[in-house]
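Comments concern the structure below.
We number each residue from 1, following the sequence as shown. Counting convention: from 1, in listed order, for ligands and their atoms alike.
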Amino acid sequence: MATLTDAKRLVVKIGSALLVDRATGALRDDWLRALALDVQWLKGQGTQVVLVSSGSIALGRGVLGLPATDLPLEQSQAAAAVGQIRLARAYEDVMALHGITTAQVLMTLEDSRDRRRYLNSRATLETLLALDALPIVNENDTVATDEIRFGDNDRLAAQIAATIGADQLVLLSDVDGFYSANPSDDPSAIRYNVIDEITAKIEAQAGDAGSGLSKGGMKTKLMAAKTATAAGCAMAICHGFDPRPLQRLHNGAPATWFSATLDPQTARKRWIAAMKPRGTLTLDAGATLALENGNSLLPAGITAVAGDFKRGDPVAIADPSGHVLGLGLARYTAEETRTIQGHHSARIETLLGYPGRAALVHRDDMAL
Ligand SMILES: Nc1ncnc2c1ncn2[C@@H]1O[C@H](COP(=O)(O)OP(=O)(O)O)[C@@H](O)[C@H]1O
Ligand SMILES: N[C@@H](CCC(=O)OP(=O)(O)O)C(=O)O
């Protein structure tokens, strides 16, 4: 079974009920201060951490004097606008005490559906992690309309975990795991320790959210588990209300773990391999060898470009004899590729008139 400190890359989702006091609508400062200790401890062990934090609507509604009931969309968006700025500030203040730089990342569902935006958000998150910043992600509630929103951060967190190839996702909740029935309605319900496969029986056992502040309940947590585990990321649901929940989990606090059956790299390569190519890049012998040695594909090694593709589209990669080696996601359009093919990466800016990325297909975006 997975343990927390095995994770190289960890995504932690924090539900509204943990951050915001239900009775007063105020931020739970002590809890947040203790969370910073958990983050510092994990980073000290070499784990890269991304937080997905809810709480903007719960915080903002208190400030605006809105009721703690379901709000109309415009009011919840207004509450999110007021709450998000406070939430970001609170994280910044508390993490700065430990020398941790925070970064606010606001996402919409479209950012994960559109491949270009998906690749851009992935590159930004990768860069933030490389620069040792702590990304704090939330849905961009103020602009996301009903049809195009995640609506809950359980699925957003799973999407982020899949996007950055995290190996573990922890959902800090107001319940210590997934039970055979909603434990607040059925005291005889039993908690699962490990779920290897999400069967129809398990799906039938998932209920809605219990508290007025929360959105998802177990239904969205199961959807999150499907997304995460299919991307090679193990997922835990555990109780987050008491201080230092991550250290508690590490020390054996009760939880439900959803197992991942493959690693994130393999999952990503399978995902790419299943795509339909929009064009073909033919390589020279040197580039073919470079790819076989695990390198990215540079424009210099391309001898021919077929098809019409946009940035982020899948393209087939062929050796000099036309034999298809595999698939990759292009970082340039077909037109741009034709302009820079056969040229050294240092000349890209001169040829295109704007700076570009050195690799045409990054090795992480390739399935050979
Ligand atoms: N099978 C189940 N096992 C555990 N909790 C369940 C189950 N079905 C429904 N729930 C409810 O889901 C709640 C947790 O989800 P939610 O309220 O959305 O929390 P969060 O704010 O962490 O997203 C639990 O408190 C419980 O009331
Ligand atoms: N984006 C919303 C969070 C929605 C949500 O999933 O809430 P929760 O069930 O408490 O994790 C907010 O910041 O209020």
Side-chain angles (χ1 to χ4, degrees), residues 12-22 25 27-28 51-64 66 68 70-71 73 75-88 90-91 104-109 136-144 149-160 169-193 195 198 201-225 235-241 245 254-256 258:
V12 181
K13 184 260 173 170
I14 298 157
S16 311
L18 309 179
L19 272 169
V20 183
D21 186 283
R22 201 174 300 173
L27 191 75
R28 297 182 65 225
L51 301 182
V52 175
S53 179
S54 305
S56 68
I57 297 173
L59 263 184
R61 78 162 84 221
V63 178
L64 292 171
L66 296 167
D70 252 0
L71 297 174
L73 184 64
Q75 285 192 1
S76 67
Q77 291 183 310
V82 169
Q84 182 61 35
I85 200 163
R86 287 165 195 248
L87 194 61
Y91 274 108
Q104 175 178 258
V105 180
L106 297 179
M107 304 275 294
T108 62
L109 187 59
I136 301 174
V137 186
N138 196 358
E139 182 158 22
N140 195 346
D141 288 304
T142 48
V143 301
R149 68 203 302 251
F150 283 100
D152 70 87
N153 275 351
D154 299 326
R155 283 180 299 160
L156 173 62
Q159 189 59 55
I160 294 288
L169 164 64
V170 174
L171 304 183
L172 294 180
S173 183
D174 62 353
V175 63
D176 62 4
F178 186 87
Y179 282 70
S180 52
N182 187 341
S184 30
D185 301 337
D186 180 354
S188 69
I190 294 165
R191 183 177 50 79
Y192 289 86
N193 282 321
I195 295 178
I198 300 168
K201 179 181 153 206
I202 286 177
E203 296 213 42
Q205 293 172 337
D208 293 321
S211 87
L213 287 181
S214 303
K215 285 264 185 278
M218 282 297 146
K219 288 203 166 81
T220 57
K221 288 179 181 42
L222 277 195
M223 289 184 212
M235 187 185 105
I237 299 173
C238 68
H239 203 278
F241 199 78
T256 300
F258 294 82

Go through ligand 1 atom by atom and flag the ones less than 4.0 Å from a non-hydrogen atom of K221. 15 (O), 16 (P), 18 (O), 19 (O), 20 (P), 22 (O), 23 (O)
Considering only heavy atoms from C-beta outward, does the side chain of L169 approach that of F258 to under 4.5 Å? no
What part of P183 sits under 4.0 Å from ligand 1 if we count only heavy atoms: the side chain, the backbone, both or neither? side chain
Heavy atoms, side chains only, cut-off 4.5 Å: are I237 and M218 in contact? yes
Identify the two heavy atoms, one from G177 and one from T256, that lie closest to each other, and give their separation to 0.1 Å. CA-OG1, 3.4 Å
Between D141 and ligand 2, which part of the residue brings a heavy atom under 4.0 Å of the ligand: side chain, backbone, both or neither? side chain
List the steps, then state whether side chain to side chain contact (heavy atoms under 4.5 Å, CB included) holds for Y179 with D186. CA-CA 10 Å; Y179 282 70; D186 180 354; over 6 Å; no
Only counting residues at least two apart or in another chain, list the ones meeting side chain to side chain donor-acceptor pair (under 3.5 Å) with S54. N153
Once you restrict to heavy atoms under 4.0 Å, what part of D152 touches ligand 2? Side chain, backbone, both or neither. both
Go through ligand 2 atom by atom and flag the ones less than 4.0 Å from a non-hydrogen atom of G15. 10 (O), 11 (O)
In ligand 1, which numbered atoms sit nearer than 4.0 Å to a non-hydrogen atom of Y179? 1 (N), 2 (C), 3 (N), 4 (C)
For ligand 2, find out whether one of its N or O atoms is nearer than 3.5 Å to an N or O atom of N153. yes
Within a distance under 4.0 Å of any heavy atom of G217, pick out the atoms of ligand 1 and give their elements. 12 (O), 15 (O), 16 (P), 18 (O)
Does any N or O of ligand 2 fall below 3.5 Å from an N or O anywhere on I57, backbone included? yes
Can you tell if the side chain of N140 reaches within under 4.5 Å of the side chain of T142, non-hydrogen atoms only? yes
Which ligand 1 atoms, with their elements, are less than 4.0 angstrom from a heavy-atom of A181? 1 (N), 2 (C), 3 (N)
Is I14 close to ligand 2, meaning an N/O of one under 3.5 Å from an N/O of the other? no
With a cut-off of 4.0 Å, which atoms of ligand 1 are near a heavy atom of S184? 27 (O)
Please state which part of K13 comes within less than 4.0 Å of ligand 2, counting heavy atoms only: side chain, backbone, both or neither. side chain
G177 heavy atom under 4.0 Å from ligand 1: yes
Can you find a non-hydrogen atom of A80 under 4.0 Å from ligand 2? no
Counting only nitrogen or oxygen atoms and a 3.5 angstrom limit, does S180 reach ligand 1? no
Has R191 got any heavy atom lying under 4.0 angstrom from an atom of ligand 1? no
If you measure from atom 6 (C) of ligand 1 to every heavy atom of K13, Q205, K219, M218, which option wins on shortest distance? M218
More than 12 heavy atoms of other residues, nucleotides or ligands under 6.0 Å from CZ of R86: is that the case? no
Residues two or more places apart in sequence or in another chain: which of them pass side chain to side chain donor-acceptor pair (under 3.5 Å) with E203? K226
Do D154 and M223 touch side chain to side chain, with heavy atoms closer than 4.5 Å? no
Between I57 and S76, which heavy-atom pair has the shortest distance, and what is it? CG1-O, 3.7 Å
Any A17 heavy atom less than 4.0 Å to ligand 1: no
For G207, the ligand 1 atoms with a heavy-atom partner under 4.0 Å come out as 7 (C), 8 (N), 9 (C)
Closest non-hydrogen atoms of L156 and M107, given as atom of the first, atom of the second and distance, are CD1-CB, 4.0 Å
Report yes if the side chains of D141 and Q84 come closer than 4.5 Å at any heavy-atom pair, otherwise no. no
Answer yes or no: does an N/O atom from E139 fall short of 3.5 Å to an N/O atom of ligand 2? no
Going from CD1 on I160 to CZ on R155, what distance comes out if it is rounded to the nearest 0.5 angstrom? 13.5 Å
